[in-house]
Amino acid sequence: MATLFSTHSSSQNILITFTIIFLASSLLHSYSAITETDQRRPFKKIYAFGDSFTDTGNTESLSGPNGFVRVSSPPYGTTFFHHPTNRYSDGRLVIDFVAQSLSLPFLPPYRNRKANRTYGVNFAVAGSTAINHAFFVKNNLSLDITPESIQTQMMWFDKYLESEGCKDPESDQCKEAFDDALFWVGEIGVNDYAYTIGSTVSGDTIRKLAINTFTEFLQGLLKKGAKYVVVEALPTTGCLPLAMTLAPSDDRDDIGCVKSVNNQSNAHNLVLQSKVSDLRQQFPQAIIVYADYWNAYRTVMQSPEKYGFKESLKACCGTGEPYNFEVFNTCGNPSVTACSNPAQYINWDGVHLTEAMYKVVADMFIDGNLCNPPFKTLLERKLRQP
């Protein structure tokens, strides 16, 4: 009995020892994996700004811009999330692919106060403008537009910083909020031009005001301490089904899109590039990247098949001829259906792009040559910092 008991006890001790060693090894492996993941992350967080091309959920159906008031309804989100996430697409946006490339989770919208903000916040709002809302009110153009502007997003950012204890720029809380953060400023300004169609307000006036207020916004971020900033240009908005539907058929450029609208966006971008160059001189401690959305979109339009697209002008989710888009019967309405293969379409709902197109654009920014300086240069500089 004594021998049997001793043998049994020894077996138990051996088993316990092996169990402890296994658990310790597993925990060490998990810790190593977490540490390795953290080491691979050049940034600890991302702050995003912009309009519906970047909004990951600040806008819901009831608060969305007129004409696109069903972003909370299927088939939005159908491709990747398999349910609506209040993103204006069938799946992920450029900012989502950027986050994934940096080994970070998707950014929660600012308005979701219960979300985990450890890895950043998204302040972008669908329908948002560069020019302050008061300008549109003054010119009787505010009936159907979103009241939030880029200034609203700055106010939200300030409130966020206060909630994180960042009040003194020299404080540890502020340093933590800025030192390891990427600021991704999505395209904004398209809505400013769209809201003034048919009015007496000229495109030149909009360009001047939009660029000025947007430049002030960027200066605000840089003065607060932003060191790594990506600024998206306007896309070739003349290729959107909305523009194609509204413009006369003889207003076309070399890629078959609306010439006047694309010229307007290109003129805006030329001024924006100049302003970004000036900001680099004013803030030499920061690296400011210009992400050329206009040429990214244009490159795809020149050779859509090369990128896997079979339909370059029609919307995937919509109705009506010739571009599968009707201004007053848009995606999300019960009578509107989506195509069965969104990945073969550039455009999702007439104004916004498919996940497949956003992925192509994101790749051009992250790994391609359509960022100036290249996005990899920004990452290399960040990784060299102590």
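The model shown is predicted, which means the values in this text are computed figures rather than measured ones.
Within a 6.0 Å radius of NZ in Lys314, other residues, nucleotides and ligands contribute 12 heavy atoms or fewer. Dense packing is recorded around CD of Glu326, with more than 12 heavy atoms of other residues, nucleotides or ligands lying under 6.0 Å away.
Salt-bridge check for Asp158 with Lys224: passed, with a basic side-chain N closer than 4.0 Å to an acidic carboxylate O. Between Arg87 and Asp55, none of the side-chain N atoms (NZ, or NE/NH1/NH2) sits under 4.0 Å from a carboxylate O, so this pair counts as no salt bridge. Salt-bridge formation is detected for the pair Arg298/Asp254: a Lys NZ or Arg NE/NH1/NH2 atom is positioned less than 4.0 Å from an Asp or Glu carboxylate oxygen. Between Lys175 and Asp172, no side-chain nitrogen of the basic residue sits less than 4.0 Å from a carboxylate oxygen of the acidic one, so the salt-bridge criterion is not met. Of the charged side-chain nitrogens involved, at least one lies within less than 4.0 Å of a carboxylate oxygen, so that Asp180 and Lys382 count as a salt-bridged pair. Using a cut-off of 4.0 Å between Lys/Arg side-chain N and Asp/Glu carboxylate O, Lys359 and Asp363 are scored as salt-bridged. A salt bridge is absent between Glu216 and Lys275; no separation between the charged side-chain nitrogens and carboxylate oxygens falls under 4.0 Å.
Aromatic ring centres of Phe183 and Tyr228: separated by at least 6.0 Å. You'll find the ring centres of Tyr76 and His83 outside the 6.0 Å limit. Aromatic ring centroids of Phe97 and Phe365 lie 6.0 Å or more apart. Aromatic ring centroids of Phe157 and Tyr47 lie under 6.0 Å apart. Close placement of the Phe81 and Phe106 rings is indicated, their centers lying within 6.0 Å of each other.
Ring orientation note: the planes of His133 and Phe136 are tilted relative to one another, at an angle of 30° to 60°.
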